[in-house]
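Keep in mind that the numbers below use all heavy atoms, side chains included, and drop hydrogens, waters and symmetry copies. Just so it is clear, the model here is predicted, and its values are computed rather than measured. Numbers restart at 1 for each chain; the letters A, B, ... are given by sequence-line order, proteins then strands.
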Amino acid sequence: MTFKSIIEEIENNLNKILGELSISDVKFTVEPAKPGFGDVSSNVSFLLAKQLKKSPKDIAEMLSEKYQHCSSTLVLKTKAHQSGYLNFFANWEKLSQMILSESHLHEFGDVDIGKNTTIVVEHTSVNPNKALHIGHIRNIIIGDSISRILKKANYKVNVLNYIDDSGLQVADIIVGFKHLGFDQESPDGKKFDHYCGDDVYVKTTEKYESDSSLENIRKNILKELEDGNSETAKFADKITRRVLANQLETCWNLSVSYDCLNFESQIIRSGLWSKIFDKIKEMNLIEFEDEGKNKGCWVIRGADKDEDKVIVRSNGTATYIAKDIPYAAWKLGLIDDPFHYQKYEKKQPNSRILWQTTLDSNESTKNFSGQKVITVIDSRQARLQKIITSLMAKFKSVPDAYVHLGYESVTLSSDTAKILGLDTDGKQAQMSGRKGLYVNADSVYDMLKEKIKDETKKRHAEMDSSDIEEIAHNIAVGTLRYEMIKQDLDKIITFDLTKSLSLDGDTAPYIQYTHARAARILEKSKRAPSINVDFSLLKEQAELNLIKTIGMFDMQVRDAVNNLSPKVIARYCHDLAVAFNSFYEHVKVLELGDESLENSRLCIVDSFKITLVKALDLIGIVAPHRM
RNA sequence: GGACUCGUUGCAUAGCUUGGAUAGUGCGAACGCUUGCGGAGCGUUAGGUCCCCGGUUCAAAUCCGGGCGAGCCCGCCA
């Protein structure tokens, strides 16, 4: 047990006391205390004030007195604060031992919320016609972090990446290749996804304005893409798979991996749509419109007439949102799986097996569906996702089976927009793939890595280049990932090229640096750290505060899972680092001339390092031993 | 026009779900700390009508209502 054990002990005792007073049904809180108010605080006296007709302070004093008679192993003393709070001071000798011992267990920080049920996390899902830009990265890092955190909470997680390989954006680059004469190889050795996005896509869509005949060509290509046997579809398949391979390289480089790639073209060709269409007709979830502006269409009824959403056009074709319905149902395992699965041609760096859908019935059968589904899509799609969510709720009885995890977009600062050639008059700017207004993820990574290499060389002139390379990689990835999740999902990130290169303050390098410091102490120490030490020697505020923070790990994981909030873990890593830096500054570990004190402190350093590594892993960040 | 999200110091943010003590942090600013286990660090100082008005409450940054400002969505496009 961790810090939670003292909280539970206090909760039990307070409940006992309230029982003796014949008071029930009081939902008081018992929480870690703010600094300066002991270790644990309860608001119980506030809640009793009315009923007992006494001031919170008097009640706190009364409870504090009664608490003396409770059996307690982890609470040393209680104190009624004049504000009315009831504060508790821990028996740190025992609590330190519990926390530090547990921190060495493999399962430290595990919580059982998922009960080993299966959950699907879908993220990334970028059109395979361009390179990933910094806005996509927010989606990918949120999705990857959430899936790591859910695993820690005992969910079996299936991570999916939906490949929209038959949409308009793909048609656009096919127009470029087939009708505007773009070379199928990037001319200057540029990465193929960058070439498709920066050159083919941008320049082709530019041409639509001057040449209206292209619109028709695109329409025909779009139609041909749906028929898998057409020459165009085969050509497009070749192109999109090359782009996809490049996109995956970017993701893998950021320590992101998947379980299965789902190709939209195959969903279309599998006939899944007509099955689900029949089903929702049967269930009366959609209606055929006889009159009005949507005459001849199948619609989902909205709250009022204006919010009706067309699912099937009057010409019989399905709309954009319609494609999401069979896919959502498939993710929840609500329909017979029309797919077979084969291994993707390249291996993921972490050796997790990556599967992809196929319609070839000679390949394996698998099950990638889940009891619950989390779909990570930016909140501009909230309206459409809400329709899918309520539709799925009618299919599946599990509450909240389908969750849209939305997040605000990444915009460009006016300075950065200006660098890219757009004067926004001091305002931030929305990125646009079509207009070529974006910052590619690969370039940000490269810039970060170069800067970090310089910094590392300054500090370690003797280090060989492959070590520097590895350190710079881990710090660059950490920096990028941390910046993408450290704030709330519903806050816009204004990306600025210059500021993004900052490595001070509330950043991944700050956290990673504390790991290097801890690693250095353990390395320099002649002894192996042990948990068989004298915990009574640990009395300094900085020591206890660090131990307390370590003991919060499982509570933080729980919080992150319940709120689907990777930020919670990012903050926790930062809190750990702050606590360690304070410890480092105030307390010496080595060469104390007191072997048992040294052992005790080494134990803290070791626990800190282990816990930090585990917490950072939940957000996909690796901390180097030297930097 | 309607829906959704955001508004906390010069800037960027935490706290809001679950009301309670002293609103925490980073950047920027000023000053200080290195013969010491690594200064990508630590400490000190200055800087706050928690957008406004009203309500609920013993108690509101937090909950509710109404404004204001910003963003975003609202197609038989994807």
Side-chain angles (χ1 to χ4, degrees), chain A residues 27 29 31 33-37 41 43 45-47 49-50 55-56 81-85 87 127 164 167-172 222 289 293-299 302-304 306-307 309-321 323 378-384 386 406 408-409 411 427-428 430 452 455-456 458-460 475 486-494 496 499 502-514 516-525 559 562-563 565 567 571 574-575 577-578 581-582 584-592 601 605 626-627:
Chain A
K27 290 206 172 72
T29 62
E31 295 171 317
K34 283 192 194 179
F37 297 103
S41 299
N43 68 348
S45 3
F46 294 108
L47 305 179
K50 201 169 219 176
S55 74
H81 190 266
Q82 56 170 0
S83 62
Y85 266 105
N87 294 330
N127 288 310
D164 180 0
L168 203 61
Q169 296 202 17
V170 169
D172 284 332
L222 203 52
E289 199 73 84
K293 61 171 184 160
N294 294 332
K295 186 176 176 185
C297 303
W298 288 89
V299 301
D304 66 84
D306 281 345
E307 287 184 26
K309 190 73 205 164
V310 172
I311 298 299
V312 178
R313 302 183 185 97
S314 53
N315 68 3
T317 58
T319 57
Y320 169 71
I321 182 177
K323 291 182 192 169
D378 87 69
S379 41
R380 282 176 294 195
Q381 301 249 23
R383 181 180 282 254
L384 294 181
K386 207 175 159 193
E408 274 295 342
S409 48
T411 64
K427 286 187 179 168
Q428 49 183 255
Q430 286 285 336
I452 293 160
E455 294 284 330
T456 312
K458 263 190 240 163
R459 291 168 169 81
H460 303 283
I475 299 178
K486 78 173 177 190
Q487 59 251 30
D488 212 84
L489 297 183
D490 50 26
K491 257 170 186 143
I492 293 169
I493 294 179
T494 306
D496 185 273
K499 288 182 184 159
S502 161
L503 308 174
D504 302 326
D506 185 9
T507 62
Y510 170 85
I511 299 167
Q512 289 167 315
Y513 181 69
T514 61
R517 280 179 150 181
R520 198 72 176 134
I521 291 176
L522 294 171
E523 192 184 306
K524 281 205 160 184
S525 154
D559 188 7
N562 289 336
N563 295 301
S565 178
K567 167 191 73 172
R571 294 197 64 75
H574 184 256
D575 289 346
V578 168
N581 273 331
S582 166
Y584 187 91
E585 209 67 28
H586 291 101
V587 175
K588 212 168 135 54
V589 178
L590 301 179
E591 291 165 31
L592 296 172
R601 287 186 176 159
V605 174
R626 311 188 72 180
M627 60 185 275

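- With hydrogens and angles disregarded, no donor-acceptor distance shorter than 3.5 Å links the side chain of A/Thr494 to the backbone of A/Thr411.
- The residue A/Leu590 sits close to a base: some heavy atom pair falls under 4.0 Å.
- At a threshold of 4.0 angstrom between heavy atoms, the contacts of A/Ile321 with the nucleic acid are absent.
- For B/rA59, neither phosphate oxygen OP1 nor OP2 lies less than 4.0 angstrom from any side-chain nitrogen or oxygen of A/Lys50.
- Applying the 4.0 Å criterion to OP1 and OP2 of B/rG38, one finds that A/Lys524 has a side-chain N or O inside that range.
- Within the 4.0 angstrom heavy-atom criterion, only backbone atoms of the sugar-phosphate kind lie near A/Lys567; the bases stay farther away.
- Atom CZ in A/Arg571 sits roughly 7 Å away from atom C1' in B/rU25 (whole-Å rounding).
- Residue A/Lys491 has a polar side-chain atom (N or O) positioned under 4.0 Å from OP1 or OP2 of B/rG7.
- Side-chain proximity of A/Tyr513 to B/rG71, B/rG38, B/rC42: nearest is B/rG38.
- Between the CD1 atom of A/Ile492 and the C1' atom of B/rU5 there is a distance of 8 Å, rounded to whole Å.
- Within the 4.0 angstrom heavy-atom criterion, no nucleotide atom of any strand lies near A/Thr29.
- Put simply, A/Gln430 has a side-chain N or O that comes within less than 4.0 Å of OP1 or OP2 on B/rC72.
- In the set B/rG39, B/rU18, B/rC27, the nucleotide with an atom closest to the side chain of A/Asp504 is B/rC27.
- The shortest distance between side-chain heavy atoms of A/Leu489 and A/Lys567 does not fall below 4.5 Å.
- Side-chain proximity of A/Phe37 to B/rA40, B/rA21, B/rC76: nearest is B/rA21.
- For A/Arg459, the listed nucleotide lying nearest its side chain is B/rG38; candidates were B/rG20, B/rG38, B/rC37.
- Using a 4.0 Å heavy-atom distance criterion, A/Gly84 is classed as making no nucleic acid contact.
- Base contact: A/Lys295 has a heavy atom under 4.0 Å from a base atom.
- When heavy atoms are screened at a 4.0 angstrom cut-off, A/Val587 is found touching base atoms of the nucleic acid.
- Listed nucleotides B/rA14, B/rC76, B/rA3 differ in distance to A/Arg383; the shortest reach to its side chain belongs to B/rA3.
- Listed candidates were B/rG71, B/rC37, B/rA21. Nearest to the side chain of A/His81 is B/rA21.
- In this structure, the side chain of A/His586 engages the main chain of A/Ser582 through a donor-acceptor pair within 3.5 Å.
- Closest contact between the side chain of A/Asp488 and the listed nucleotides B/rC37, B/rG15, B/rC72 involves B/rG15.
- Out of B/rU13, B/rC42, B/rG36, the shortest distance to the side chain of A/Tyr510 is found at B/rC42.
- Only the P atoms considered, B/rG7 is 12 Å distant from B/rA12, to the nearest whole Å.
- Out of B/rG41, B/rC37, B/rA21, the shortest distance to the side chain of A/Asn581 is found at B/rG41.
- Put simply, A/Arg313 has a side-chain N or O that comes within less than 4.0 Å of OP1 or OP2 on B/rA78.
- Taking the side chain as every heavy atom from C-beta outward, A/Arg571 and A/Lys486 never approach each other to under 4.5 Å.
- Within 4.0 Å of A/Pro56, counting heavy atoms only, lies no atom of the nucleic acid at all.
- In this structure, A/Glu408 atom CD and B/rU5 atom P are separated by 10 Å, rounded to whole Å.
- A/Gln169 and A/Asn127 share a donor-acceptor pair across their side chains, judged by distance under 3.5 Å alone.
- Using atom C1' as the reference point in both B/rG26 and B/rA40, the two lie 14 Å apart (nearest Å).
- Counting distance only, with no hydrogens placed and no angle test, the side-chain atoms of A/Thr319 and the base atoms of B/rC76 include no donor-acceptor pair under 3.5 Å.
- Pairing for B/rU57 is absent, judged as Watson-Crick or G-U wobble with the two contacts each under 3.5 Å.
- A straight line from CG of A/Leu384 to C1' of B/rC77 spans 11 Å, rounded to a whole angstrom.
- For the pair A/His574 NE2 and B/rG24 C1', the computed distance is 11 Å after rounding to whole Å.
- For the OP1/OP2 pair of B/rA40 and a distance below 4.0 Å, the side-chain nitrogens and oxygens of A/Arg517 include no atom meeting the criterion.
- In this structure, A/Tyr510 and A/His574 have tilted ring planes: the angle between them lies in the 30° to 60° band.
- Across all strands, A/Thr456 comes closer than 4.0 Å to base atoms (heavy-atom distances).
- Between the side chains of A/Thr29 and A/Asn43, a donor-acceptor pair is found at a separation under 3.5 Å.
- Among the protein residues, A/Ser55 comes within range of no part of the nucleic acid, since none of its heavy atoms lies under 4.0 Å from any strand.
- Remark: the A/Thr507 side chain and the B/rA40 base include no donor-acceptor N/O pair separated by less than 3.5 Å.
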